[in-house]
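Per chain, numbering begins at 1; letters A, B, ... match sequence-line order. Everything numeric in this text was worked out from a predicted model, so none of it was measured.
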Protein chains: 2
Amino acid sequence: MPEQSPGSRPTLEAVAARAGVSRATASRVVNGGDGVRKPLVDKVLKAVDELGYIPNHAARTLVTRRTGAVAVVIAEPETRFFSDPFFSQQIRGISKELTAHDTQLVLLLVEGPGDFDRIARYLAGGHVDGALAFSLHTDDPVPAMTRRAGIPAVYGGRPSWTADPGDQAVPYVDADNRGGARLAVQYLRDLGRRRIAHIAGPADQTSAMDRLDGYRDVLLDVDPTLVADGAFTVESGARAMAELLERRPDLDAVFAANDLMASGALRVLRERGISVPGQVALVGFDDMDSVASETDPPLTTVGQEIEGQGRLMARLLLRALDRERTGSGDVPESVITPVTLVRRASA
Amino acid sequence: MPEQSPGSRPTLEAVAARAGVSRATASRVVNGGDGVRKPLVDKVLKAVDELGYIPNHAARTLVTRRTGAVAVVIAEPETRFFSDPFFSQQIRGISKELTAHDTQLVLLLVEGPGDFDRIARYLAGGHVDGALAFSLHTDDPVPAMTRRAGIPAVYGGRPSWTADPGDQAVPYVDADNRGGARLAVQYLRDLGRRRIAHIAGPADQTSAMDRLDGYRDVLLDVDPTLVADGAFTVESGARAMAELLERRPDLDAVFAANDLMASGALRVLRERGISVPGQVALVGFDDMDSVASETDPPLTTVGQEIEGQGRLMARLLLRALDRERTGSGDVPESVITPVTLVRRASA
DNA sequence: CTGAAAGCGCTAACAT
DNA sequence: ATGTTAGCGCTTTCAG
């Protein structure tokens, strides 16, 4: 492989010359070689190899109007993005899927409100073919930006303003939070538990609200004293558990909206000498990697395919891009990914 | 702001026409407006605004040969990248610095050995102007790739094959691990501790080895039974602590190579009823966000500016790029960032 | 200080 | 099946 000094890279012209064909033919070969006779294909490939030819991306983009890159917009002002293993796994899934389709991932971190302008310019600047974004809030500017930029987008997590997965405006991928919650609570009830409490997540996250709804689906007209608010953190789970215990010392089960809060609850339960699952059965949500299986006892929880969700997001976007190119195919629809109950020892 | 349907965006030509100037002048204005008379500048700017003109990036790159993007190569086969808050903070720093210089961040996740080819092609394909990469191992392919691609690169963490920061071949940014370790051990000694143990990090990470070296710098000819191996995880710290306690029940201080291991050690110490810092003083390293200040007692530790390191990496790279463009300025040199002892309650 | 003109490297009609 | 040609939208000499 020849070493290149910058700015002196061989062009398609050079390849064509060396192979003794026209630039057009060389181009055809480089792009798949459809409709070029074998011997010529070989000649060109040989020239490509010998010259160490690599297509100039800018030139290609200029004429095709496709960049081969998509943006991943992370608009989490809080440090949540990186600390939350949730995101990381989704990114991994996205990265894998994009990579498999020779598409690059441009990371757009929103560091502050002023950044939206920059991001909007970037999206509109033809740098990327599409965008992926996460957990939109009611007034989130991202959808408007992608619309204005005229590029397709797919979102992770149900946007807060759509309750209906059929809403075509903003295709998203989300776990079946509500169904998962039902699964968990149903399971606790089948265990014979009658006073099943819930530690809810923050009200501004749809996943938390959907899980709460699922809980209520099963426990119609549940006593409000059985529901405590948490913030998806270990500490908040502990606090909520203490609060519940105070209000309802008679509770015999807890469904926590995520594993982090479940582990906090577990700690409090242990401190008070309450046996799990003997006296209180506990179910979490997420099946979070280094949490659910590490607690004592290990958590029974609702598992989801987080990396798969990332892959799916990417796949939906790629499909939309393909549709743009070929002018056919179906508009991407939101997908709700399935969840499963993972039985361990806590319930 | 006019909404754009894809493929119909106004060109510089349109702007020029509307402003009644030539494309050349319009271009000059768009690129800073040097040497164009005020009234014309205003006219062009007005046209830009009215038309919602955004420069076509591909066209610009094609002629300038600059992409305005840099790659961040993450070659951590392990999931370490995302789980380790270390990386996240560095990325944040990098992102901030790049953003401030209107440069985009392209994330290149290496998912497997086969990916190196793809990455190499990408780097050589003129998609990015430079590259940032992390913690190189002895046989790491990244330096060769960037060299071949003819683009400058800056690394995070001292590569395992250079002991000397003056080595110009591979400019890197790293914390003063050795100095920090000295600081920690010195401090313990000044506290009057005489049997200071060390929980070391994995031998294949230079940061771990540098910290071990620092420990030895202060405690010349230290008894090997006072050093236990860990793996930078909580669990490994706990195991190492137990091991040390068994070997050296007389120890009166521990310097752990990072906070995670220190917190594991702390747990074991507590379980055994050993008071901290009363009987055993404990110092960590990193001042890791949700760890060091949350333990009981909070950790005395060696703090470093992780985000600052990221910024610095980006800054060095940007400087190198500038040098390429202007043909002047100095070659980037490796930088060792300072560390400080953060006193809390554990020592 | 401004404009005209020449490409950057590539793809995609259109010919042949 | 292959070659010819006309741009994609922009920057940058070079003239004026």
Side-chain angles (χ1 to χ4, degrees), chain A residues 4 6-45 47-48 51-68 121 124-127 129 150 325-327, chain B residues 4 6-45 47-48 51-68 124-127 129 325-327:
Chain A
Q4 310 296 346
S8 72
R9 296 227 313 261
T11 70
L12 194 54
E13 183 77 55
V15 172
R18 179 162 193 125
V21 301
S22 75
R23 222 167 55 219
T25 297
S27 172
R28 287 180 188 113
V29 172
V30 168
N31 292 292
D34 272 14
V36 179
R37 253 194 287 260
K38 189 80 195 314
L40 280 197
V41 171
D42 290 344
K43 263 193 201 156
V44 172
L45 255 25
V48 164
L51 261 31
Y53 170 76
I54 297 177
N56 180 309
H57 183 245
R60 184 177 274 177
T61 295
L62 185 54
V63 36
T64 61
R65 290 156 174 295
R66 303 196 77 238
T67 66
R121 260 204 320 280
H127 296 76
D129 301 328
R325 209 166 40 78
T326 64
Chain B
Q4 311 296 345
S8 73
R9 297 228 313 262
T11 71
L12 195 55
E13 183 78 54
V15 171
R18 180 163 192 123
V21 300
S22 74
R23 222 166 55 219
T25 297
S27 172
R28 287 181 188 112
V29 172
V30 168
N31 291 291
D34 272 14
V36 179
R37 253 194 285 261
K38 189 79 194 315
L40 282 197
V41 171
D42 290 344
K43 263 193 202 156
V44 174
L45 254 25
V48 164
L51 260 32
Y53 169 75
I54 297 178
N56 179 309
H57 183 244
R60 182 177 277 176
T61 295
L62 185 54
V63 33
T64 60
R65 290 153 176 298
R66 302 196 78 238
T67 66
H127 295 76
D129 300 329
R325 210 165 40 78
T326 64

Considering only C:dC10, C:dA4, D:dC10, which nucleotide approaches the side chain of B:S22 most closely?
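So the nucleotide nearest the side chain must be C:dA4.
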Which distance, rounded to the nearest 0.5 Å, do you find between the CG of A:L45 and the CG of A:L40?
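Going from CG on A:L45 over to CG on A:L40, the span is 11.5 Å.
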Out of curiosity, B:S22 OG to B:E13 CD, how far, rounded to the nearest 0.5 Å?
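Those atoms lie 9.5 Å apart.
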Could you tell me whether the side chain of [X] has a donor or acceptor atom within less than 3.5 Å of a complementary atom in the base of [N]?
| X | N | value |
| --- | --- | --- |
| A:R65 | D:dG9 | no |
| B:R23 | D:dT11 | yes |
| B:R28 | C:dG3 | yes |

Quickly work out the [X] [atom1] to [N] [atom2] distance and round it to whole Å.
| X | N | atom1 | atom2 | answer |
| --- | --- | --- | --- | --- |
| A:N56 | C:dT11 | CG | P | 9 Å |
| B:K43 | C:dT2 | NZ | C1' | 12 Å |
| B:D34 | D:dT12 | CG | C1' | 15 Å |
| A:L62 | D:dA6 | CG | C1' | 13 Å |
| B:E13 | D:dG7 | CD | P | 13 Å |
| B:L12 | C:dA4 | CG | C1' | 14 Å |
| B:D42 | C:dT2 | CG | P | 12 Å |
| B:R66 | D:dC10 | CZ | P | 18 Å |

How is A:V21 classified with respect to the nucleic acid when contacts are heavy atoms under 4.0 Å: base, sugar-phosphate, or nothing?
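If one applies the 4.0 Å heavy-atom cut-off, A:V21 turns out to touch the sugar-phosphate alone, with no base involved.
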I want to confirm an ordering. Mapping A:H57 and B:R37 to their closest nucleotides on DNA chain C, which one lands closer to the 5' end?
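Final value for this comparison: B:R37.
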Upstream residue (5' side of DNA chain C) when B:V63 and B:T25 are each assigned their closest nucleotide:
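Result: B:T25.
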Could you tell me whether the side chains of A:N31 and A:R60 share a donor-acceptor contact shorter than 3.5 Å?
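A:R60 and A:N31 do have a side-chain donor-acceptor pair below 3.5 Å.
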So which one's nearest nucleotide on DNA chain D is more toward 5', B:S27 or A:V36?
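Looking at the nearest nucleotide for each, A:V36 comes out on the 5' side.
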Any side-chain heavy atom of B:H127 sitting closer than 4.5 Å to one from B:T67?
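No, side chains not in contact.
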Single hit among A:V15, A:V48, A:I54 for side-chain contact (heavy atoms from CB on, under 4.5 Å) with A:V30:
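Of the listed residues A:V15, A:V48, A:I54, the side-chain contact (heavy atoms from CB on, under 4.5 Å) partner of A:V30 is A:V48.
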